[in-house]
Amino acid sequence: MNCREFRDKWMNEENEEMILHIETCEECMAWVEENTLGREEVQFLKAVPLPSIQLEDRIMRAIYDSLGSESTTAAKDDFPAYARKNQRRLLHRLRPYLGAFAASVVLAAGIAGVRWVDNSPGELATNSADQPPSPEIDRQQEEVSNNAVVTKANPDTDQGTETTPVSPEPGNETEHALTYALDRKSTVTARENRPPKNKPAAEDANSAVSQPDQPVAQKAQQMPPAEDELTAANILLGPPEQVNAFANETDMTEETAEDTKDKAKEEDASVTVTTFTDLTVAAQTSDLPVPTPSAIPDGFTLQSITLQFHHEESNHVKSHVSLYQSGADRWIRVEVAFQQPVNELLSVPGLFVDKRFFSIGNDQAIAVTYDPTWNEAPAEHAIHFTTTQQGVPMYTVITARGISLNDLMLFAQSLNWLP
Amino acid sequence: MQTDNEIIQRISQGDVEAYRELIQRYQRMIFVYIYKMVNNLTDAEDLTQEVFVKAYEKLSTYRGESQFSTWLHTMARNRTIDFLRRRKFHESDDQLAYIPSERRDASPDDYVMGKERRREIEEAFARLSDPYREVLVLRCTHEFPFEKIASLLGIAESTARVRYLRARQELAKYLNRSEGGLVHELPGI
């Protein structure tokens, strides 16, 4: 069949010959196209709407929802084996971060505790993410600063569902503020739709420590005075049973007896932190390499670096936090945790308006800007990466507020590591 | 840039966030296809979400024998056909089957001159059978080659070509009829 025959017959019939012809004849294809629809129709067919920018996050949230519901109903039969398998893998991979999570929270408590000792109200207030120091805070701090370096978390503390910040009014009970801190933490872990195991340890620590609306300093100031055997860690970790519940949930599938034993030992151990204001001096004390930036954003200065030791008799640092600030509401926090076993997994749960993959030296990093409408965002930006320096594997999380993501990435890329 | 299979490998190792990369690559393609088929933004977004979640859950069944985009599109197609089947069933009673769903929410402004032609085309397009609409979307909207269209639809390439041309012919026929007043033929308007 030639083209003329095809075109003569096209409108009225369809046979094997015609089909064979149109399979290879682009000219006849074009002819039919031209003679059927006009420009307007084609324009209509080509016009496409764009999905909303939230769609990607909606999808991811739904996936985390499904994973989260799976973690709470472990024996759910209709859940794909694939997801269960990967969830177990994920648990296994993220186990090292759990220690880092506890360490980071403890570090934050350590910073607050150490600063109480120093009785320096201005510095205490700087832990607030975006709230400048207020006379009210200063006054309260004066009231409590003489009371406790180590403060006890009351095991009977209400663990209800309070989820709104408690204003630091003199009449408020400090336990209520503590409960809020605990609830915020549990919101990030157990109650959140995303499974906690997908959240790197330091991220959780940020959620608990760096929440702009619940600065460590403010919570610490609301602690009930106590002078007995308790540690500063309890301030943020809360009653033992709550810590155990978190540990049980996250490690439920692959926890070994040895792990449990070690964890219990760590939980029972006193918190041992040391704070410096000089990175070089800190590096001399720490066997965990210390990051020192060669390019600090304008106006930022190092406020402190706090080392967390494995236990009170240990010379080994398990993690440390460096804090850089500019004014009351601009800060950069660099959290580094020893990572064993080495794990290259980077996962930054949350809702983002910007995310980038980039290199820091030979290491791959993820930089994100959290969705400002997401009220659980731990900071404005975050960068996650793993690195091995001087043979020491580490997971690093940099969070910041008050600078651009580009500047934060440059800051991260300028890090050198002091042995 | 990582290949789809490399990303899938990362996901299989537990990196859930890696799935975002696949979403970013294909959400527009899937959304547009579904939107053109169901003609409703909300439904299209909901279905797109369902497809990606389902694809994540079924990722272990993806063997890499076809492109991931093809595999994903097949999933979207099945879900969309199922949705359309259910919608037509539910709407058969109120005689709205041929009316694009968005039309029901249209404001009076949509009826002004200048949009009338678009409305006619929309309605004619909505009257096409699902296979005809589908092949038009794949060819005219996505601009896929016939080889890929044939693969997606599970038909021979020659069949895909003929179906596409017949779909155009059918749409043209509806539009010619509409010049006499398609709106008046449709009950409920």
Side-chain angles (χ1 to χ4, degrees), chain A residues 10-11 14 18-20 22-24 28-29 32-33 35-38 40-52 54-60 62-67 79-83 85-94 194-195 198 345-349 352 355 357 366, chain B residues 10-21 23-24 27-28 30-33 35-36 41 44-46 48-53 56-61 117-118 120-122 124-125 136-137 139-143 146 156-159 161-162 164-173 175:
Chain A
W10 168 253
M11 293 301 290
E14 186 177 310
M18 292 172 70
I19 292 173
L20 285 174
I22 201 67
E23 190 172 2
T24 54
C28 284
M29 281 291 297
V32 176
E33 286 179 331
N35 285 281
T36 47
L37 300 179
E40 285 175 323
E41 293 82 9
V42 172
Q43 192 177 18
F44 165 81
L45 290 169
K46 286 186 182 297
V48 292
L50 291 175
S52 68
Q54 291 89 8
L55 182 58
E56 177 189 332
D57 286 330
R58 269 181 58 190
I59 295 167
M60 288 306 293
I63 289 169
Y64 281 122
D65 280 351
S66 67
L67 292 175
F79 195 85
Y82 171 79
K85 185 178 174 185
N86 282 328
Q87 200 165 25
R88 285 195 292 275
R89 283 179 182 166
L90 200 59
L91 281 170
H92 182 69
R93 284 167 172 267
L94 290 178
R194 292 186 313 282
N198 290 331
L345 177 67
L346 294 178
S347 182
V348 192
F352 314 115
K355 49 192 170 298
F357 297 88
I366 297 176
Chain B
R10 282 169 55 198
I11 297 167
S12 70
Q13 291 169 352
D15 185 358
V16 181
E17 280 295 310
Y19 196 60
R20 280 186 187 275
E21 292 180 48
I23 297 172
Q24 288 161 6
Q27 70 167 341
R28 189 167 178 272
I30 297 298
F31 170 79
V32 166
Y33 167 78
Y35 172 78
K36 286 285 186 181
L41 279 172
E45 289 210 345
D46 289 347
T48 303
Q49 176 179 325
E50 283 182 35
V51 168
F52 274 100
V53 172
Y56 176 82
E57 292 174 353
K58 300 284 184 188
L59 210 49
S60 64
T61 66
R117 180 61 178 166
R118 179 181 169 79
E120 289 171 1
I121 298 170
E122 254 184 24
F125 184 71
L136 284 178
V137 170
R139 180 63 181 171
C140 298
T141 310
H142 289 310
E143 298 181 344
F146 283 109
E157 185 177 333
S158 57
T159 307
R161 284 173 179 259
V162 171
Y164 163 69
L165 294 179
R166 292 296 179 201
R168 287 183 73 109
Q169 193 177 337
E170 188 80 353
L171 182 58
K173 190 173 79 179
L175 285 168

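Sequence lines set the chain letters: A, B, ... in the order given, protein chains first and strands last, and positions in each chain run from 1.
Interface remark: B:Glu170 contributes no atoms to any contact with chain A (heavy atom separation under 4.5 Å). The parts of B:Leu165 that come within reach of chain A are both its backbone and its side chain, each placing non-hydrogen atoms under 4.5 angstrom from that chain.
Taken to the nearest 0.5 Å, the CD atom of A:Glu41 stands 9.5 Å off from the CD atom of B:Glu120. Rounding to the nearest 0.5 Å places OG of A:Ser52 at 3.5 Å from CD of B:Glu45. Note that CG of A:Leu45 is 7.5 Å distant from CZ of B:Arg168, once rounded to the nearest 0.5 Å. Taken to the nearest 0.5 Å, the CD atom of B:Gln49 stands 9.0 Å off from the CD1 atom of A:Ile63. Note that the CD1 atom of B:Ile23 and the CZ atom of A:Arg58 stand 11.5 Å from one another [nearest 0.5 Å].
Ranking A:Ile59, A:Val32, A:Leu37 against chain B, the residue ahead of the rest is A:Leu37, based on heavy-atom pairs under 4.5 Å. If you tally non-hydrogen atom pairs under 4.5 Å between each of A:Thr24, A:Asp57, A:Leu20 and chain B, the highest count goes to A:Asp57. The most heavy-atom pairs under 4.5 Å with chain A, out of B:Glu50, B:Gln24, B:Arg166, come from B:Arg166. Of the listed residues (A:Leu50, A:Asn35, A:Val42), the one with the most heavy-atom contacts under 4.5 Å to chain B is A:Leu50.
Taking B:Tyr164 as the reference, B:Phe146 meet the ring-ring contact (aromatic ring centres under 6.0 Å, His included) condition, with sequence neighbours excluded. The ring-ring contact (aromatic ring centres under 6.0 Å, His included) search around B:Tyr33 returns B:His73, not counting sequence neighbours.
Surrounding CZ of B:Arg20 are more than 12 heavy atoms belonging to other residues, nucleotides or ligands, all under 6.0 Å away.
Contact record, A:Phe44 with B:Lys36: O-NZ, 2.8 Å, taken as the closest heavy-atom pair.
Ion pairing between B:Arg161 and A:Glu23 fails under the 4.0 Å rule for side-chain N and carboxylate O.
Between the side chains of B:Gln27 and A:Glu56, no donor N or O sits under 3.5 Å from an acceptor N or O.
A heavy-atom distance below 4.5 Å is found between the side chains of A:Tyr64 and B:Glu17. Proximity of B:Lys173 to A:Thr36: side-chain heavy atoms (C-beta onward) are nowhere separated by under 4.5 Å.
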